[in-house]
Amino acid sequence: MTDFQTLIINRRSTRKFTEEPLTPEQVEKIMKAALMSPTSKSSNPWQFLLVEDKETLEKLSLCKKIGSKLIAGCALAVVVLADPFVSDVWIEDSSITSIMMQLQAEDLGLGSCWVQIRERHTMADTPSDEYIRELLDIPMQFQVLSVIAFGHKAQERPPFDEEKLQWEKIHIGKFNINQITG
Ligand SMILES: Cc1cc2nc3c(=O)[nH]c(=O)nc-3n(C[C@H](O)[C@H](O)[C@H](O)COP(=O)(O)O)c2cc1C
């Protein structure tokens, strides 16, 4: 890593991956980042299900109508699960751990993409979480928040254009409606 600011300027979602698998060390670092994520009351409501098998990745890539095909070509998909009975803020906890893994992957020079599962549906209109639960034998007590796809980047994406940042969304002291209505 050069520095954190450079990392976040250059981080973009990767949807095209090479065939190269991840090393066990890379997977370990990504999962360490997940396990070190902050959670409310340190309740750690999440579980992580790792999928590297090509056939299962293909099936997993059908979990949504749109936006999940990329899973078929990734080297590793991490299905982020959480138990809502362990934490009432499992969505926040699971979202934080998802982005922590993505930032760690970026730091390793790897690409990643978040695939949203909660509140999404398959082509046949089955809830995406149900489809994944059945495919991967996930017990009913766990909610499926996201699938994070990882792999070696097979596409170059431009970094953020700092000139285009939406500074009007930053309000100082009191909310200023004029900033957003022009
Ligand atoms: C909550 C969330 C859900 C997302 N779901 C998907 C998805 O289902 N499929 C996908 O291809 N990208 C998904 N993304 C990636 C966004 O499309 C992407 O972050 C956004 O377009 C900004 O692009 P960037 O990540 O390259 O900066 C998701 C990102 C977030 C934060």
Side-chain angles (χ1 to χ4, degrees), residues 1-18 22 30 33-34 37-40 45-51 56-82 84 87 89-136 138 142-170:
M1 176 173 153
T2 43
D3 61 75
F4 187 69
Q5 193 180 15
T6 307
L7 185 143
I8 54 173
I9 290 171
N10 286 287
R11 183 219 56 81
R12 303 297 313 276
S13 297
T14 301
R15 298 184 178 86
K16 287 188 170 58
F17 303 98
T18 69
L22 302 193
I30 291 168
S37 303
T39 57
S40 170
W46 19 245
Q47 303 277 333
F48 304 94
L49 205 163
L50 278 56
V51 180
T56 313
L57 287 172
E58 288 278 351
K59 289 180 183 160
L60 200 51
S61 76
L62 304 176
C63 66
K64 300 212 308 176
K65 284 188 185 85
I66 50 166
S68 58
K69 289 276 182 297
L70 65 107
I71 295 172
C74 77
L76 167 73
V78 177
V79 183
V80 180
L81 313 167
S87 175
V89 292
W90 65 272
I91 297 175
E92 289 85 343
D93 290 341
S94 306
S95 298
I96 290 168
T97 198
S98 296
I99 192 66
M100 288 282 278
M101 287 191 284
Q102 288 196 272
L103 293 176
Q104 177 61 81
E106 188 67 35
D107 189 37
L108 293 167
L110 300 170
S112 71
C113 190
W114 180 315
V115 176
Q116 179 67 19
I117 301 304
R118 203 180 60 82
E119 305 290 349
R120 298 291 182 263
H121 293 81
T122 67
M123 199 68 92
D125 237 16
T126 305
S128 298
D129 60 339
E130 272 181 30
Y131 174 87
I132 293 178
R133 189 174 283 119
E134 190 155 324
L135 178 68
L136 302 174
I138 298 164
F142 297 107
Q143 297 288 329
V144 188
L145 179 102
S146 63
V147 175
I148 312 296
F150 298 95
H152 291 268
K153 298 176 189 178
Q155 63 178 153
E156 281 295 323
R157 304 254 350 250
F160 272 92
D161 181 351
E162 289 191 67
E163 297 298 320
K164 293 189 179 151
L165 293 180
Q166 297 173 300
W167 286 103
E168 70 278 11
K169 298 205 171 181
I170 311 288

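Atoms within a ligand are numbered from 1 in the order they appear, just like the ligands themselves.
- With a 6.0 Å radius and a threshold of 12 heavy atoms from other residues, nucleotides or ligands, K153 has its NZ atom above the threshold.
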Enumerate, atom names and distances included, each donor-acceptor pair closer than 3.5 Å involving a side-chain atom of residues 156-164, sequence neighbours excluded.
from : atom 1 : to   : atom 2 : distance (Å)
R157 : NH1    : S13  : O      : 2.8
D161 : OD1    : E163 : N      : 2.9

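- Heavy atoms from other residues, nucleotides or ligands lying under 6.0 Å from CD1 of I66 number 12 at most.
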Would you list the atom pairs, donor with acceptor, under 3.5 Å between side chains in residues 67-76 and any protein atom, with sequence neighbours excluded?
from : atom 1 : to  : atom 2 : distance (Å)
S68  : OG     : S61 : O      : 2.8
S68  : OG     : K64 : N      : 3.2
S68  : OG     : K64 : O      : 3.4

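- Protein residues having at least one heavy atom under 4.0 Å from any atom of ligand 1 are R11, R12, S13, R15, K64, G67, L70, C113, W114, V115, Q116, R157, F160, listed by chain and number.
- The stretch residues 109-134 participates, sequence neighbours left out, in these salt bridge (charged side-chain N to carboxylate O under 4.0 Å, His left out) pairs: K65-D125.
- Residues V78 and F48 are in side-chain contact: their nearest non-hydrogen atoms beyond the backbone lie under 4.5 Å apart.
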